[in-house]
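Atoms within each ligand, like the ligands themselves, are counted from 1 in listed order. Numbers here are sequence positions counted from 1.
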Amino acid sequence: MIPKHIAIIMDGNRRFAKQKYIARQQGHMKGFDKLTETLEWCLDIGINEVTVYAFSIENFKRSKEEVDGLMQLLKVKLEDLIADRKKIEENGVCVRALGNISLLPPHIQKLVAEVENLTSGFNRSFLNICLAYTSREEMTSSIKLIAEGLAEGKLEDSDVDSKLIESCLYSNSCQPLDLLLRTSGEVRLSDFLLWQSSYTLLSFVNVLWPEFSRWDLYAAVLFYQRHQGQLEDIKRAHDSKDTSVENELTDDTALRKEIFLEDVNNKKRQQIENLISIK
Ligand code: IPE
Ligand code: IPE
Ligand code: MG
């Protein structure tokens with residue numbers, strides 16, 4: 001089976017630039033171009049959801065020049081996406097940004113909201129771009145939403161369980177993550193999708209991101225296929241035992257949670273609309 005949802009830590013742009021004696025910004029540019037190419041390869045073989053780590057909260061600590069350069073590239077790519085909406089429409093791609101978007105420069109926030117709004121009706125494939133993202137910040141923000149819900153009396157203590165926390169993560173609309181891939185040979189997760197990757201296969205690929213090829217993608221998919229059966233067995237074994245992590249769902253709690261989560265989603269939609277309306 002082809003993995004439905006893969007995530008990529010696109011790492012190694014600066015090492016690539018160094019190796020090729022080109023400017024760092026050129027390395028990042030090649031990295032952005034590689035993303036477009038990789039998405040096409042994924043669609044070709046039927047992977048319908050891709051989540052990429054494009055910019056972490058830690059990346060804000062790089063030099064101003066480098067951060068500005070990355071924001072400039074992001075701006076151009078988002079503007080291209082809006083201008084060239086035909087490709088997105090053809091493939092029915094819903095683009096979502098995962099992260100603390102408010103940390104990004106205002107003009108980027110607006111572009112992100114425009115892209116999300118433009119593509120929110122599509123559901124044939126999904127591109128989740130992690131921007132100003134870390135997993136720990138994502139979990140913290142989920143817990144803060146729940147704390148607000150408790151303080152406002154929209155939730156009760158007994159409503160809080162791992163499912164509720166999961167429903168308040170930025171990734172709440174994503175499918176389970178099948179395969180996580182990191183390029184550049186670094187074997188670490190760098191605070192990426194820690195919650196979501198509990199039962200995900202990890203593939204560390206020894207090529208720099210701008211050099212990533214269709215064959216590297218296929219090799220990762222083959223790796224997934226070799227281990228997928230084993231993973232399914234583990235999941236089945238866990239599901240069959242009651243670990244009591246989830247609270248018992250009465251009609252009352254179900255309704256309360258539904259109203260609370262609807263409220264959370266409405267707030268998110270409202271934020272997008274507010275950003276779009278800024279002149
Ligand atoms: C990944 O490549 C791109 C971003 C983090 C934005 P790097 O910039 O981390 O390049 P290396 O890992 O230093 O080579
Ligand atoms: C992870 O790469 C973030 C992105 C690819 C955007 P980094 O290169 O920033 O990760 P660390 O800090 O070296 O682990
Ligand atoms: Mg790196």
* Of all N/O/S atoms in D11, which lies nearest to the Mg ion (ligand 3)? -> OD1
* Is ligand 2 less than 4.0 angstrom away from at least one heavy atom of M10? -> yes
* **A54 neighbourhood, listing ligand 2 atoms whose heavy-atom distance to it stays under 4.0 Å** => 6 (C)
* Nearest non-hydrogen atom to atom 14 (O) of ligand 2 belongs to which of G31, G12, S190? -> S190
* Asked: Does any donor atom in the side chain of E166 or N172 lie under 3.5 Å from an acceptor atom in the other side chain?
  -> no
* Asked: If hydrogens are left out, which of K18, R62, R14, E186 has an atom nearest to atom 4 (C) of ligand 1, that is, the closest non-hydrogen atom?
  -> R62
* To do: Provide the closest heavy-atom pair for I9 versus F192 in the form atom of the first, atom of the second, distance.
  => CG1-CD2, 3.3 Å
* To do: Ignoring hydrogens and angles, state whether a donor on the side chain of Q196 or Q175 is under 3.5 Å from an acceptor on the partner side chain.
  => no
* Asked: Which of the atoms in ligand 1, numbered in the order shown and given with their element, are less than 4.0 Å from a heavy-atom of R15?
  -> 11 (P), 12 (O), 14 (O)
* Asked: Is the Mg ion (ligand 3) less than 2.8 Å from an N/O/S atom of E186, whether that atom is in the backbone or a side chain?
  -> no
* Answer side chain, backbone, both or neither: which part of S56 comes under 4.0 Å from ligand 1, heavy atoms only. => neither
* Asked: Is ligand 2 under 4.0 Å from a heavy atom in the side chain of K61, in the backbone, in both, or in neither?
  -> neither
* **Any side-chain donor near an acceptor of the partner, Q270 and N274, under 3.5 Å** => yes
* So which heavy atom on A220 is nearest to which on S203, and how close? -> CB-OG, 4.0 Å
* Asked: For atom 3 (C) of ligand 1, what is the nearest protein heavy atom, given as residue, atom name and distance?
  -> N13 ND2, 3.4 Å
* **Closest contact, heavy atoms only, E137 versus Y170** => OE1-OH, 2.8 Å
* Give the residue and atom name of whichever protein heavy atom lies nearest to atom 10 (O) of ligand 2, and the separation in Å to one decimal. => R182 NH2, 3.4 Å
* **Contact summary for F60 and L103, nearest pair of heavy atoms** => CZ-O, 3.5 Å
* Asked: Please state which protein non-hydrogen atom is closest to atom 9 (O) of ligand 2 and give its distance, to 0.1 Å?
  -> N59 ND2, 2.9 Å
* **Residue of the set K4, R124, R96 for which salt bridge (Lys or Arg N to Asp or Glu O under 4.0 Å) holds with E49** => R96
* Taking only heavy atoms of F55, which atoms of ligand 2 are found under 4.0 Å from at least one of them? -> 6 (C)
* Asked: Hey, is ligand 2 close enough to R188 that some N/O pair sits below 3.5 Å?
  -> yes
* Asked: Between L208 and ligand 1, which part of the residue brings a heavy atom under 4.0 Å of the ligand: side chain, backbone, both or neither?
  -> neither
* **Test of proximity, D11 against ligand 1: N or O pairs below 3.5 Å** => yes
* Given the rule that I, L, V, M, F, W and Y join up when any side-chain heavy atoms are under 4.5 Å apart, are I165 and Y199 in one cluster? -> no
* So which of L35, T36, L43 actually passes side-chain contact (heavy atoms from CB on, under 4.5 Å) with L39? -> L35
